[in-house]
2 protein chains.
Amino acid sequence: MSVAKALTTEESITTRERILRESSHLFAARGYYGSSTRDIAKAVGIRQPSLFHHFPTKQAIFQELLSYSLDDSAAVAEYLARAGGSPAARLYRFLVEDFRYLMDSPYDLRSIFTSDVLLDDEFEPWGQTADDLYVAVADIIRQAIAAGEFIEIEVSFARQAVSGLMLETIRERSLGEELPAQRPTRTADFMLRALLADRSRLGEIAAEACAIEGLPAYRDTE
Amino acid sequence: MSVAKALTTEESITTRERILRESSHLFAARGYYGSSTRDIAKAVGIRQPSLFHHFPTKQAIFQELLSYSLDDSAAVAEYLARAGGSPAARLYRFLVEDFRYLMDSPYDLRSIFTSDVLLDDEFEPWGQTADDLYVAVADIIRQAIAAGEFIEIEVSFARQAVSGLMLETIRERSLGEELPAQRPTRTADFMLRALLADRSRLGEIAAEACAIEGLPAYRDTE
DNA sequence: GTCTATATTCGGATAGAC
DNA sequence: GTCTATCCGAATATAGAC
């Protein structure tokens, strides 16, 4: 019954949504410029000009994927940067939330993070959003160092380590097999182990992270 | 005097080498398919058809960059996977060596690691080399867990964390400013802090890592 | 070793029928 | 909402002069 339901759900996906999903996989595999509108159309099962009924340009497809992957993450990071309580717990919560969102997404978002294109003028607004996200994460790390929860470490370096782990997770997911459900917490554990001044607080911090409330919701597909 | 020397050195770079350097930057910024041979030629300061005097195809340029970034790293990782002594120290040494190589390289090797293209048939041999590299690193990690030096952690996850950090370092370097000279050891420290069962052994392990001898040499440019 | 000129294929996007 | 047919610019690569 649940299989039948799943199939029904699959079949009710709109063409527009299928374009987004197939595009994300092609962009991830061959880059934005390496994926032609003909490739996308073929993957979706329509002819090339039919794409332009759903999106005005190829750019618009990519922009929608960018917006999906960045807007909500940035909102969550900025919320957590301003929230109270343990900064370490807030970083932990961000990692768990963001990984889960990326893991469960039907899109393969590698091309956004590897960002062949993010520097281009056409996509500049999202370069800005990506910056906001980075600044918010760096801010949480700075707070954790100031509070003595993290070791003395260069903030930009720690922030980059976070990005590196995220990117690698997205990449792995797109290589095929499903990632285990514990992956988000495991990744957050890993990160915190490297950063905490007192490793034995990890359990306590994870518990506090779970209790944080009021986060902005992530967008659904469809 | 040393500045004059440096300038002389700069000016003695061959056209072929300049093609490799400019290509690597373009590939990193806009992807392999997003960078035309016209773009490359313009960056080098010659006309587009002149490229084909130095490389038979555009593919061949990318393949040379692939070979540069993967062959020696894989050789070093495989040597260290078979070497004796502390596995943790061997992983540490690999991280330091590989980061230094990537940091000091005149090429921007992001496009190789983000690998839009590595899955393509045309570049299949280097997909294999990348696999060899990953297997060797995973093997060192496995040895360290078995020896009780590392916490019980999923090997593939730890290996991915290594890749993520590497990628992020390459990316950062290419965004502009020079990275500090301590970056390789700092990165290795970070990684080991997350992995070690007993964090206090870090100093001792770094010292043993420095003492490892007989590593295959990395290639020079020109 | 670099140039001009050009062959040829493939890219994004539009017009208009159904 | 999808199709066929088509425009037009840009892509890789070659030929042959200097």
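In the text below, chain A, chain B and the rest are named by the order of the sequence lines, each starting its count at 1.
Under the 6.0 Å distance and 45° angle rule, A/Lys58 counts as a cation-pi partner of A/Tyr32. A/Tyr134 carries A/Arg159 over the face of its six-membered ring, with the cationic atom under 6.0 Å from the centre and within 45° of the normal.
Checking D/dT6, D/dA13, D/dT4 against every side-chain atom of A/Arg38, the shortest atom distance belongs to D/dT6. In the set C/dT2, D/dA13, D/dG1, D/dA13 carries the atom at the smallest distance from any side-chain atom of B/Gln48. Candidate nucleotides C/dC3, C/dT2, D/dA13 were compared by shortest atom distance to the side chain of B/Arg47, and C/dC3 ranks first.
In this model, the phosphate group of D/dA11 is not approached by any side-chain N or O of B/Thr37 to a distance below 4.0 Å at OP1 or OP2. An OP1 or OP2 oxygen of D/dC3 is reached within less than 4.0 angstrom by no side-chain nitrogen or oxygen of A/His53. Within the 4.0 Å cut-off from OP1 or OP2 of C/dG12, not a single side-chain nitrogen or oxygen of A/Thr57 is found. One finds no side-chain N or O of B/Ser50 lying less than 4.0 angstrom from the OP1 or OP2 phosphate oxygen of C/dG1.
If you check the side chains of B/Gln143 and B/Arg90, you find a donor sitting under 3.5 Å from an acceptor.
For A/Pro49 and A/Asp39, each mapped to the nucleotide of DNA chain C holding its nearest heavy atom, the one lying further toward the 5' end belongs to A/Asp39.
Aromatic rings from B/Tyr101 and B/Tyr68 are positioned such that their centres are separated by under 6.0 Å.
Among the protein residues, A/Ser36 comes within range of the sugar-phosphate backbone only, with heavy atoms under 4.0 Å from sugar or phosphate atoms but none that close to a base.
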